[in-house]
Number of protein chains: 4
Amino acid sequence: MKKLIIIVLTIFATTVLIYGQRKNVNLPDLPGYITLKCDFHLHTVFSDGNVWPTVRAAEAYINGLDAISITDHIEYTPHKSYIPVNHNAAWEILQEAAMQGNLILVHGAEITRDMPPGHFNALFIKDASLLDKDSVMDVFEEAIKQGAFIQWNHPGWKAQQPDGIPRMYDIHYKLIENGWLHGIEFFNYNEYYPLVMTFCKKYNLAVTGNSDMHDIISEQYTAPEYTNRPMTLVFAKERSHDSLKEAMFAGRTLVYFKDYLAGKEEYAKPFFYQCISVGKPYFEDERYIYFEVTNRSDIPFYLENGTAPAPSFMKLEANGITRIVLNKKATLPLVYDVRNIITGEDEVLKIELKF
Amino acid sequence: MKKLIIIVLTIFATTVLIYGQRKNVNLPDLPGYITLKCDFHLHTVFSDGNVWPTVRAAEAYINGLDAISITDHIEYTPHKSYIPVNHNAAWEILQEAAMQGNLILVHGAEITRDMPPGHFNALFIKDASLLDKDSVMDVFEEAIKQGAFIQWNHPGWKAQQPDGIPRMYDIHYKLIENGWLHGIEFFNYNEYYPLVMTFCKKYNLAVTGNSDMHDIISEQYTAPEYTNRPMTLVFAKERSHDSLKEAMFAGRTLVYFKDYLAGKEEYAKPFFYQCISVGKPYFEDERYIYFEVTNRSDIPFYLENGTAPAPSFMKLEANGITRIVLNKKATLPLVYDVRNIITGEDEVLKIELKF
Amino acid sequence: MKKLIIIVLTIFATTVLIYGQRKNVNLPDLPGYITLKCDFHLHTVFSDGNVWPTVRAAEAYINGLDAISITDHIEYTPHKSYIPVNHNAAWEILQEAAMQGNLILVHGAEITRDMPPGHFNALFIKDASLLDKDSVMDVFEEAIKQGAFIQWNHPGWKAQQPDGIPRMYDIHYKLIENGWLHGIEFFNYNEYYPLVMTFCKKYNLAVTGNSDMHDIISEQYTAPEYTNRPMTLVFAKERSHDSLKEAMFAGRTLVYFKDYLAGKEEYAKPFFYQCISVGKPYFEDERYIYFEVTNRSDIPFYLENGTAPAPSFMKLEANGITRIVLNKKATLPLVYDVRNIITGEDEVLKIELKF
Amino acid sequence: MKKLIIIVLTIFATTVLIYGQRKNVNLPDLPGYITLKCDFHLHTVFSDGNVWPTVRAAEAYINGLDAISITDHIEYTPHKSYIPVNHNAAWEILQEAAMQGNLILVHGAEITRDMPPGHFNALFIKDASLLDKDSVMDVFEEAIKQGAFIQWNHPGWKAQQPDGIPRMYDIHYKLIENGWLHGIEFFNYNEYYPLVMTFCKKYNLAVTGNSDMHDIISEQYTAPEYTNRPMTLVFAKERSHDSLKEAMFAGRTLVYFKDYLAGKEEYAKPFFYQCISVGKPYFEDERYIYFEVTNRSDIPFYLENGTAPAPSFMKLEANGITRIVLNKKATLPLVYDVRNIITGEDEVLKIELKF
C-alpha cells in the first residue's frame with residue numbers, strides 16, 4: 001500500500017525494503033585494512049523498540065554503515081501481549097533487506113540482567129532462542145558455544161550504576177578468565193564511559209560504540225553536534241561477515257560519535273595521519289610562514305597545547321583546509337594534543353605536524 | 001531500557017510516551033472557530049506500517065497537530081505471521097500517549113478494497129474488529145451504525161487508477177445517495193487530485209488531506225519544500241473530540257501541504273484575510289508609494305496576475321514582511337490570484353489588497 | 001550595472017537601494033510603548049569598515065531593525081589615501097535608502113581615543129565634521145551642543161583594558177557630573193561586560209548593545225547561536241526619530257544578543273511576561289498534572305533553580321510550546337530564575353508561573 | 001578597531017586581511033592538469049560595487065577559489081563624488097591579502113560600453129588606467145598591447161539585449177578577426193546564455209562563467225540551489241599565475257554554477273569520468289542485479305533517457321553513493337544523457353556506465 005518516493009525504485013514489482021540516499025561517510029582506511037562502520041546494538045518492536053526490523057536496515061543504509069546487529073532483549077519483551085515472543089524474528093525478517101542494501105547482518109541478542117553482571121550483547125550467534133535460560137552463566141556458555149563475541153553494554157548506565165562509573169564485579173573477572181568477554185561499550189546512545197578505556201587496555205578487549213537505539217535514529221540525534229550516531233569502526237581485511245568477525249575478536253577497532261574518536265593509540269595514531277596532509281608553505285613575510293593543512297575526513301580535529309610562538313590551538317575543519325600562519329621562530333615539528341581523540345581514561349592522542 | 005534525552009522528563013518514574021519539542025504551527029483561527037490541525041490517515045505495525053503506535057503520537061505532538069487517527073488496513077495485514085491480527089490494538093495502545101500529549105485521538109480503520117470502490121477510512125468508530133466482513137456494503141453499513149465519518153482515500157492513486165484520475169463508479173453514487181460518504185482526500189502522501197475539488201463541491205463533501213504514512217514522517221518529508229505533512233484543517237467550535245466530529249460532518253475544512261492550501265472558497269477567503277495585514281504607506285517619492293504587507297502565517301502566498309503598473313507578481317513571505325513599491329498610477333484595490341490557494345479543479349483564490 | 005534578484009523590484013527605473021526579505025523579529029511591545037530594534041554602532045569604508053553605507057541599510061532591513069546609526073571613527077581613517085576624509089559622507093549617502101527601507105536613521109560618529117576615556121558614540125548629532133578637534137573635552141562639548149546622546153563604547157575591550165574589566169577614570173566621573181554621558185554598551189560585537197549593569201544602575205544610564213560591525217553582518221555572525229546581531233531594544237512612545245531619541249535619554253532599553261536579554265528589571269520583567277502564557281492543565285493522572293507554556297517570542301527562556309518536586313530546569317522554546325509534567329505535590333506559583341535574562345552584574349531575573 | 005573571531009589569528013600583530021574557514025570544493029583534476037577555480041568578474045567601491053577590495057579576497061578564500069580578478073568599470077564610476085577615480089586601486093590594495101590567502105590575483109578591468117560592442121573584461125593586464133580612452137577600439141588595442149585576455153561579458157544581458165539573446169555585430173567579427181577576443185561568459189551572476197556555446201565552438205573561444213558581483217556573495221546566492229557562485233574551471237599545468245594565463249588562452253575551461261557544468265565535450269567528458277566510479281554488483285535475485293555508483297564530486301549528476309528495462313532516470317548524488325537495481329534483461333553499457341552537463345546550445349553530455 002506504500003507509495004515510494006525514490007524514482008529509481010518505482011520500476012519495482014517486488015517489495016523494496018531499502019530506500020533513501022546513502023551517505024558517504026568520509027573516513028580513511030588503515031594500511032592493509034578496510035574501515036567498516038558498524039552499529040552492534042539496535043532494538044525493534046520484538047523487544048522494547050518502536051520500529052519494524054526493516055527500518056533498522058534502511059537507517060543503516062542511509063547513514064552509510066557497513067554492518068548492523070539487531071540485539072533485542074532476551075529477558076525483556078513488554079510488547080508480548082500484542083506480539084508473541086520470538087527472539088529470532090528480527091534476524092529472519094531482515095535477511096532480504098540486508099542483502100538489497102549491501103549490509104553485513106550480524107545475528108545478535110541482548111542478555112538483559114540486573115547489575116552484576118548487567119547487559120551484554122552476544123554477537124555472531126546462530127540461534128537467539130537458545131539464550132532464553134534462567135542462569136546467566138548458562139546463557140554465556142550457550143552463546144560462546146555458538147561462537148559469540150560477548151560485548152558488555154553501557155557499563156556505567158545510571159539505571160544500574162547511579163554514579164555513572166563502571167565497576168567490575170566477580171562475575172566480570174570470571175568472564176574474562178574464561179575468555180568469555182571480548183569487548184566493552186565506550187559509547188552508548190548519548191553517553192560515554194572513560195574508564196572503559198582502562199578496562200579494555202588492561203584485559204585486551206575491543207573498544208566498541210553503538211547507538212542502542214529503540215526509537216528513530218534521525219529523531220534522536222537531532223542537535224547539530226550529532227553529525228553521526230555512535231559507531232564502531234572495525235579494521236577488517238575484507239568487507240565480509242567473516243573478516244568483520246575476525247577483526248572484532250582481534251580487537252582492531254576505534255569508536256566514533258559526534259566529533260569524538262576513541263580507542264587504542266595503535267589504531268588512533270595511524271588513523272589521524274591518514275586523515276590529514278600538510279601543504280608546503282606558500283608565502284612568507286618578515287615574521288610569518290603561511291601554509292595549509294587539509295583534513296580529508298568528516299571529523300574536525302581540535303589541536304591543543306601547542307608551544308608558543310606556534311598557535312596554542314588549531315581546529316582542522318572536517319573536509320576542509322585550514323590556513324596556518326606560523327611565527328618564524330617556532331620550531332618544527334609542531335607538537336599538539338588532539339582534544340577529540342581519546343586514547344585513555346584521561347589521555348588524548350599526541351601528534352606532530354611538519355612540512 | 002530507554003534513556004531519555006529531554007531533561008524535563010528525566011524526573012519521571014512512569015513511562016513517558018510523548019517527548020520532543022512541540023512545533024507551534026502558525027495558522028490563524030477563523031472568526032467563531034478554532035483551527036484544528038489533523039491527520040486522519042496513519043499506519044502502524046498492526047497492518048503494513050513500520051512503527052509502533054506511540055511513534056504516531058510523538059510525531060503528531062512534535063508536528064503541532066491537534067488530532068490523529070490510526071487507520072490500519074482491515075483486509076491487509078502482511079505482518080500476521082509475527083503479529084496476530086488485532087484491529088483495535090493501536091487504538092488501545094495509544095490512549096495514554098494521546099492524553100499525555102493533549103492529542104485528540106480518533107478511532108479509525110481503513111477499508112481496503114480493489115477499485116471500485118477502492119480504499120476508505122471509517123473515522124469516529126467504536127470497534128474496528130466489526131468491520132472485518134466479506135461484503136464491502138456490509139462493512140460500510142456497520143461503520144455508519146457506529147456513527148462513522150466515511151472518507152474516500154486517494155481516489156486517483158495510480159495503483160488503482162493508472163492514469164491518476166479519480167473516477168466515480170456506481171458504488172460511489174450509491175454511497176452518496178445513502179449519505180454514507182462524507183469526505184474525499186485531495187492530498188494523500190505526496191500526491192494531490194484536482195478533480196476531488198469538483199466532487200466535493202458537487203456532492204457537498206468535506207475536502208480532506210492526510211499523510212497515509214507507513215514509515216517515519218520526518219524521513220519521508222525531507223526535501224526543503226516539505227515544511228509540513230499533508231493535514232486537514234478543521235474549523236471546530238471547540239478543541240474537543242465531539243466538536244471536531246461535528247465540524248467534519250459539517251464539512252468545515254481546508255487542506256494544507258507544503259506551500260499549498262486547498263478547499264472551498266467560503267473557508268479559503270476568510271482564512272487568507274486572517275493571515276495578512278496591509279500597512280499604511282510610509283514613504284513616497286515622485287513615482288512610487290512604499291508600504292509593507294505582513295503575513296503572520298507559516299504559509300508564503302504567491303500573488304499573480306496583478307494589473308500593470310502594479311507589480312504582476314508578489315510573494316508574501318511566511319511570517320515575514322514584504323515591502324511593496326507601488327507605481328502611483330496603479331489603482332486600488334490591487335487584485336491578485338493566489339497561486340497556492342486552490343479553490344477548484346482549475347481555480348485559485350482571487351483576493352484584493354488595499355491600504 | 002547591477003541585475004536585481006528580487007522580482008518585485010525589476011519594474012524600477014530608479015535606483016533601488018534596499019532589497020532582500022525583511023525578517024519579522026518576533027518580540028513583544030511593552031504596554032504603552034513600541035519596541036524599536038536598533039543598532040547604534042556601525043562602520044563603513046569612510047573610516048575602517050569594509051562596506052559602502054547602503055549595505056548597512058540593506059542589512060538592517062533584512063535583519064528587521066527599526067533604526068541604525070553609522071558611527072565612523074573621527075580620528076581613525078586608514079583608507080584616506082584612497083578616500084578623502086568626510087565625516088558626514090555615510091549620513092548623506094544613506095538618506096534615500098533609509099526612507100525606502102522605512103528605517104530611522106540616526107546621525108552619529110565615533111569619538112576614538114586611547115583609554116581613558118576610550119571610544120564614545122555621539123548619537124543624534126547634526127554635523128560630524130565639527131567633532132574633529134584636538135581636545136576630547138572640546139569634542140564632547142560640541143556633541144552636547146548638537147544635542148547628542150553620548151554612549152561609552154565597549155568599556156572592557158581588551159585592546160584598551162587587557163583584563164577585559166571596565167574601569168571608570170576621572171574623566172568618566174567628570175562626564176557623568178556634567179550630564180554628558182547617557183549610556184554604556186553592555187554588548188559590543190561578540191562580547192559583553194557584566195560590570196556595565198552596575199554602572200548603569202548607579203548612574204542612571206541607558207544600557208545599550210550594538211554590533212560595532214566593520215565587515216558583513218551575515219558573515220560575522222554565522223555560528224548557530226548567532227540568531228541575531230547585538231541590538232538595543234528601545235521602548236518608544238511612537239515609531240519615529242524623535243520618540244526614539246526621547247526614549248533613549250529616558251533610558252527605556254533592554255539589550256538583546258543571541259539568546260540573551262539584559263537590562264534593568266523594570267523593563268525585563270514586564271517584557272518576559274509579554275512573551276509567555278501558561279495554559280490550563282489538560283490532563284492529570286494519579287501523580288502528575290500536564291499543562292503547556294507558550295512562548296511567543298524569538299527568545300528561548302532557560303528557567304533554573306525550580307524547587308522540587310517541580311522540575312528544577314525548563315527550557316521554554318522560542319516560538320514554541322513547552323509541555324510541563326508537574327508533580328501534584330509541587331506548590332504554585334512555580335518560582336524560577338531566568339538564566340538568560342541578565343538584570344545585574346551577578347543577577348538574573350526571577351519569575352513566577354501559575355495557571 | 002576590528003576584533004577578530006578566529007582564534008588562530010588573535011596572535012597577530014600585523015593586519016590580517018583574510019579570515020574565515022576555507023571550503024574544500026570537491027572537484028577532480030583532469031589527467032595532466034590541475035583544476036583551478038576562478039572568478040574573473042568582480043566589482044568594488046572603486047566603481048559601482050559595495051565592498052572594499054579585501055572583501056573579495058576573503059570571499060574567494062572562503063569559497064575555495066584559486067584565482068580572482070577585480071574588474072571595476074573603466075567608464076562607470078558613480079562613487080566619484082566621494083572616491084577619486086583610480087583604476088588600479090583595487091589591484092594595489094589586494095596584493096597582500098591575495099598572498100596571505102594563497103590566491104592568484106589577476107589584474108583586470110571592465111570596458112563598459114553600450115551594445116555594440118557591450119561590456120568586456122581585459123584580464124592579465126598591467127595598467128588599467130591606460131584603458132581610459134574614448135575610442136573603444138583604441139582601448140582593445142591598448143589591452144592587447146598589455147597582453148590581455150579579452151572576455152565578452154554577459155552578451156545576452158537584457159539591459160543591452162532585451163530578448164536575452166546574444167548577437168554578434170560587425171565589431172565582434174572584427175575583434176575575432178584581429179585575434180582580440182578570447183572568451184565569452186556563458187554564466188554571469190544568475191543568468192546563462194545557451195548561444196554562447198555555439199559562438200565559442202565556432203570561433204574557438206574559451207567558455208567562461210563568473211559572478212559579476214557588486215554586493216556580498218553570501219547574501220546574493222542564498223537560495224538552496226546556489227551551492228556555489230558561477231566560476232570558471234581552468235585546467236592548468238600548474239597552480240600559478242602564468243600557467244593559469246596559458247590555460248585560458250588555450251581555452252581549457254569548463255564553467256560551474258549551481259548543479260550545472262557547461263563547456264566543450266573534450267573537457268566535460270573526462271571530467272565526468274573522473275567524478276564517478278561504478279562498483280561491482282553485490283547482490284542479485286531472480287530479476288535484478290544490485291550495484292552502487294559513487295560520485296566523488298560536489299556536483300550531483302542527473303542521468304536521463306536510459307533505455308528500458310534499465311531505469312530511465314538516475315540521480316548520482318553529490319559526494320554520495322547511489323544504489324542501482326538493474327533489471328537483468330538490460331544490456332550494458334547503460335547509456336544516458338547527463339541533463340546538467342551542457343555541451344552545446346541544445347546539447348548535453350552523453351555517457352556510458354558499465355561494471
Side-chain angles (χ1 to χ4, degrees), chain B residues 6-14 16 18-26 61-62 64 96 98-103 239 279 281-288 290-296 298 300 303 306 308-327, chain C residues 6-14 16 18-26 61-62 64 96 98-103 239 279 281-288 290-296 298 300 302-303 306 308-315 317-327:
Chain B
I6 306 303
I7 292 168
V8 294
L9 302 179
T10 58
I11 56 164
F12 277 61
T14 61
V16 177
I18 296 289
Y19 48 87
Q21 175 60 41
R22 187 154 169 79
K23 183 181 172 187
N24 191 3
V25 180
N26 206 7
Y61 184 80
I62 290 169
E96 195 185 352
M99 285 186 292
Q100 288 184 1
N102 201 15
L103 297 168
R239 192 183 188 283
Y282 62 82
F283 177 59
E284 58 181 283
D285 53 30
E286 70 260 41
R287 296 186 53 193
Y288 298 105
Y290 295 67
F291 65 98
E292 290 176 333
V293 180
T294 301
N295 175 359
R296 287 177 308 270
D298 284 354
L303 308 193
S312 68
F313 174 80
M314 294 182 198
K315 181 180 181 189
L316 305 181
E317 197 71 55
N319 300 302
I321 297 168
T322 302
R323 188 176 59 133
I324 311 296
V325 184
L326 187 67
N327 190 306
Chain C
I6 305 303
I7 291 168
V8 293
L9 303 180
T10 57
I11 55 164
F12 277 60
T14 62
V16 178
I18 295 290
Y19 48 87
Q21 176 59 41
R22 188 153 168 79
K23 183 182 172 188
N24 191 2
V25 180
N26 206 7
Y61 185 81
I62 290 169
E96 194 185 353
M99 284 187 292
Q100 287 184 1
N102 201 13
L103 296 168
R239 192 184 187 284
Y282 62 81
F283 177 58
E284 59 180 281
D285 54 29
E286 71 261 41
R287 296 187 54 194
Y288 297 104
Y290 294 69
F291 65 99
E292 290 176 334
V293 181
T294 300
N295 175 358
R296 285 177 308 270
D298 283 355
Y302 301 86
L303 309 192
S312 66
F313 174 80
M314 293 182 199
K315 181 181 180 187
E317 197 70 57
N319 299 303
I321 297 167
T322 302
R323 189 176 57 132
I324 311 297
V325 183
L326 187 67
N327 190 307

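Protein chains get the first letters and strands the later ones, always in sequence-line order, with residue 1 at the start of each.
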*asked:* Apply side chain to side chain contact (heavy atoms under 4.5 Å, CB included) to residues B:N319 and C:K23 and explain how you reach the verdict.
replied: CA-CA 8 Å; B:N319 300 302; C:K23 183 182 172 188; over 6 Å; no

*Are any non-hydrogen side-chain atoms of C:R323 and B:Q100 less than 4.5 angstrom apart?*
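Yes, at least one pair of side-chain atoms sits under 4.5 Å.
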
_Contact origin within C:E292 toward chain B - heavy atom pairs under 4.5 Å_ =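 Contact with chain B: side chain only.
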
_Nearest non-hydrogen partners of C:Q21 and B:I321, listed with the distance_ =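 Scanning both residues completely, I find the closest heavy atoms to be NE2-O, 3.0 Å.
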
*OG1 of B:T294 to CZ of C:R22: how many Å apart, nearest 0.5 Å?*
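It is 9.5 Å, given to the nearest 0.5 Å.
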
*If you look at every heavy atom in C:Y282 and B:M99, which pair is closest and at what distance?*
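Looking at all heavy atoms of both residues, the closest pair is CE1-O, 3.3 Å.
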
*With C:N295, which residues qualify under side chain to side chain contact (heavy atoms under 4.5 Å, CB included), at least two apart?*
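Listed in chain order: C:C275, C:I276, C:S297, C:F301, C:L316.
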
*Got a sec, which residues hit side chain to side chain contact (heavy atoms under 4.5 Å, CB included) with B:I62, two or more places apart in sequence or on another chain?*
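By the side chain to side chain contact (heavy atoms under 4.5 Å, CB included) rule, B:I62 matches no residue at all.
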
